[in-house]
Number of protein chains: 2
Amino acid sequence: MASIKDVAAEAGVSVATVSRVLNDHPSVSAEARARVLAAVGALGYRPNAVARSLRTEKTQTLGLVISDVLNPYFTALARSVEEEARALGYSVIIGNADERPDLQDHHVRNLLDRRIDGLLVSPTDGGSPLMLDAARAGTPMVFVDRWIPGVDVPVVRADGRSAVRDLVAHLHGLGHRRLAIIAGPAATTTGRERVEAFREALGAYGLELPDAYIGQGDFQAESGRRVTEGFLDLAEPPEVVFAADNLMALGALDAVRARGVRVPEDIALAAFDDIPWFVHTDPPITAIAQPTGELGRAAVRALVARIEGRPGESVTLPARLVVRRSCGEQPDSLEPSPVTNRSQT
Amino acid sequence: MASIKDVAAEAGVSVATVSRVLNDHPSVSAEARARVLAAVGALGYRPNAVARSLRTEKTQTLGLVISDVLNPYFTALARSVEEEARALGYSVIIGNADERPDLQDHHVRNLLDRRIDGLLVSPTDGGSPLMLDAARAGTPMVFVDRWIPGVDVPVVRADGRSAVRDLVAHLHGLGHRRLAIIAGPAATTTGRERVEAFREALGAYGLELPDAYIGQGDFQAESGRRVTEGFLDLAEPPEVVFAADNLMALGALDAVRARGVRVPEDIALAAFDDIPWFVHTDPPITAIAQPTGELGRAAVRALVARIEGRPGESVTLPARLVVRRSCGEQPDSLEPSPVTNRSQT
DNA sequence: CTGAAAGCGCTTACAG
DNA sequence: CTGAAAGCGCTTACAG
């Protein structure tokens with residue numbers, strides 16, 4: 001592969017001049033520029049990004065450590081992150097933690113070793129020493145979706161509180177009184193917050209959230225299934241199951257279907273995170289939609305700000321309730337077309 | 001950040017010795033090794049992968065250029081690719097082409113500039129000069145899922161022919177005679193092959209595939225919707241719509257739902273690519289499932305073989321039909337649990 | 001405007 | 001077993 005030396009030789013100039021042309025440095029004569037460009041074309045020369053990075057101490061690369069790529073919410077988030085990063089001149093390397101702290105650490109370490117310019121993370125747990133050290137050491141970093149309290153890092157996320165209140169109002173209005181939740185891991189902020197928001201919203205109607213109605217899930221489908229089976233085995237099963245993410249809702253649907261229980265006649269189902277398929281499930285599922293695309297873009301902007309030495313603020317965007325038929329009753333309003341929905345990402 | 005010089009100074013040895021310890025070179029005294037390791041620990045030293053790559057001309061990185069990350073099939077593929085790569089000591093950088101040749105080229109170029117050790121690609125089109133040049137120039141490369149004929153690059157893919165025959169047999173057995181397909185782009189191998197396989201399978205029953213029953217899609221949901229609307233507007237609409245990927249099936253479902261048409265009573269629907277949600281759609285969707293996880297792993301193994309100078313063969317794995325209710329009739333057999341399904345990836 | 005030279009952080013023959 | 005030195009491919013003060 002041709003190097004800058006070859007180009008210099010071909011153009012009859014020094015490598016410094018070639019470098020200047022390549023980097024649009026102003027002080028290059030028009031003639032030298034033309035010769036260099038011609039040589040670049042003739043040799044099919046492409047600058048070696050590795051060498052450039054070593055020299056400039058910039059890789060123009062962002063790391064994104066995500067909890068689970070197979071979760072459509074995170075896939076959409078990753079996509080919008082990549083788009084915004086590309087627009088700002090960065091590439092992104094995605095590390096899939098699969099909800100495993102050890103894998104998360106593997107990726108953080110790998111990304112740091114590769115000298116990424118900044119790190120976007122949606123932590124799987126309360127934060128490993130490695131990640132906390134990186135933050136303390138001044139690695140530009142931004143939390144997205146989930147975060148770690150007490151760490152001085154901007155947080156870009158959705159606030160689901162008001163949407164959860166809307167959901168509970170909807171459920172209460174339909175006459176439901178025994179509401180259960182499939183919670184995410186208590187080690188994650190979203191795992192805790194969604195339960196708390198649900199409990200608070202219930203409180204406003206004088207309803208309790210008994211321990212038997214809090215099933216411990218891990219944001220994966222299998223846990224949603226297991227927890228739902230437990231709910232169905234209760235002497236007094238809940239009238240509603242609220243899954244704290246879309247994969248656990250999938251598992252809940254599996255469990256319900258295996259038992260021959262009907263939704264919403266026998267049990268109502270709602271989910272946090274909306275996905276295109278929820279329009280077409282049997283029945284269509286009432287869900288809380290996050291502004292995923294906007295979150296990804298805001299997170300990248302905050303991270304790039306930090307990289308460039310600017311402040312980079314936290315951003316909180318509201319989630320919203322999308323009513324469908326899985327909790328009973330007809331939708332209050334016309335459903336937006338699901339294809340249109342996709343454009344939100 | 002501490003460099004190898006700092007470690008050498010701290011340990012009282014040369015940087016060469018530090019490097020040897022770090023790379024498990026045998027000729028290092030136990031004592032020197034211990035001192036270096038202690039210094040590494042004390043300084044929290046991590047080797048700079050950028051510098052190492054420049055020197056060794058190896059990045060231990062694979063590039064994966066994928067047609068569309070939001071497509072669950074490709075998400076699953078990307079995940080298995082990353083897993084296998086990690087097991088073999090490689091990281092992977094994913095480039096999402098979004099079915100756009102220009103974006104595909106952007107990513108290929110970017111990956112090449114970063115000097116990835118090898119490239120895995122599922123081409124969006126017939127192949128840009130850039131990609132063909134890279135292959136010709138000897139960049140280790142493997143095609144996965146889709147490929148470009150006439151290029152000397154191993155291909156790892158699923159063969160859907162027999163599954164498509166099974167599908168047509170199933171449809172014919174249910175009495176359907178007017179079968180239509182939502183095709184993928186003719187510029188892609190999978191786009192062409194699925195239509196051909198369908199046409200051949202129909203031929204075995206003396207059925208034709210008239211042009212009016214071939215809708216041109218682009219593997220995205222919106223095109224599935226548009227094509228399906230066209231089918232429904234026909235004087236003699238088809239009895240079956242077979243979508244060549246899962247996203248176009250989603251679009252078809254949108255269109256059918258918007259018209260108030262019932263599946264399978266008014267029209268049957270089947271899809272290429274199976275996803276967990278197909279178990280829970282209304283009705284559950286008959287689909288052709290690819291061994292996605294195995295494809296991803298095989299592709300990585302073939303690529304790494306090429307990188308290491310070994311042959312690296314092409315692999316073709318069979319896809320299989322999963323019958324559900326969207327074409328009429330009850331499933332022939334018990335549906336495997338969808339959570340179990342996921343483990344295939 | 002241009003070039004020679006230093007240096008980014010590593011690895012690896014080479015000599016001892 | 002160990003170290004001095006060269007070199008990977010760039011960029012960038014510095015001097016002219």
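The chains referred to below are lettered A, B, ... by the order of the sequence lines, with proteins before strands, and numbering in each begins at 1. These numbers come from a predicted model, not from an experiment.
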Of all the nucleotides listed ([options]), which has the minimum atom distance to the side chain of [X]?
| X | options | result |
| --- | --- | --- |
| B:Ala32 | C:dT11, D:dT11, D:dT2 | D:dT2 |
| B:Thr17 | D:dT2, D:dT11, C:dC10 | D:dT2 |
| A:Leu54 | C:dG9, D:dT2, C:dC10 | C:dG9 |

Between [X] and [N], is there a side-chain N or O to OP1/OP2 distance below 4.0 Å?
| X | N | answer |
| --- | --- | --- |
| B:Ser14 | D:dG3 | yes |
| A:Ser19 | D:dC10 | no |
| B:Asn23 | C:dT11 | yes |
| B:Ser29 | D:dT2 | yes |

Matching residue for A:Gln104 among A:Asp98, A:Asp125, A:Asn96 - test: side chain to side chain donor-acceptor pair (under 3.5 Å):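 The option that passes is A:Asp125.
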Just the rounded figure in Å: distance from [atom2] of [N] to [atom1] of [X].
| X | N | atom1 | atom2 | answer |
| --- | --- | --- | --- | --- |
| B:Asn48 | D:dC8 | CG | P | 18 Å |
| A:Leu22 | D:dG9 | CG | P | 15 Å |
| B:Tyr45 | C:dG9 | OH | P | 9 Å |
| A:Asp113 | C:dG9 | CG | P | 15 Å |
| B:Glu31 | D:dT2 | CD | P | 8 Å |
| B:His25 | C:dC14 | NE2 | P | 14 Å |
| B:Met1 | C:dG9 | CE | P | 11 Å |
| B:Lys5 | C:dC10 | NZ | P | 10 Å |

Sugar-phosphate, base or nothing in reach of A:Ser27, heavy atoms under 4.0 Å: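 Base contact.
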Sugar-phosphate, base or nothing in reach of B:Ala49, heavy atoms under 4.0 Å: nothing
Earlier contact from the 5' end, DNA chain D, for B:Ala51 and B:Arg20: B:Arg20
Sole candidate of B:Glu84, B:Glu83, B:Glu82 that passes salt bridge (Lys or Arg N to Asp or Glu O under 4.0 Å) when paired with B:Arg86: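 It is B:Glu82, the one option of B:Glu84, B:Glu83, B:Glu82 that forms the salt bridge (Lys or Arg N to Asp or Glu O under 4.0 Å) with B:Arg86.
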Side chains of [X] and [Y]: do they bring a donor and an acceptor to under 3.5 Å?
| X | Y | answer |
| --- | --- | --- |
| A:Asp145 | A:Tyr73 | yes |
| B:Arg157 | B:Ser314 | no |
| B:Thr124 | B:Arg100 | no |

Any donor-acceptor N/O pair under 3.5 Å between D:dG9 base and B:Arg55 side chain: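 Under the 3.5 Å cut-off, the side chain and the base do not form any donor-acceptor pair.
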Under 3.5 Å: donor-acceptor pair, side chain of A:Thr61, backbone of A:Ile116: no
Distance between P atoms of D:dA5 and D:dC1 (Å, rounded):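 To the nearest whole Å, 23 Å.
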Counter-base of C:dC14, judged by Watson-Crick or G-U geometry with both distances under 3.5 Å: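 Pair assignment: C:dC14 / D:dG3.
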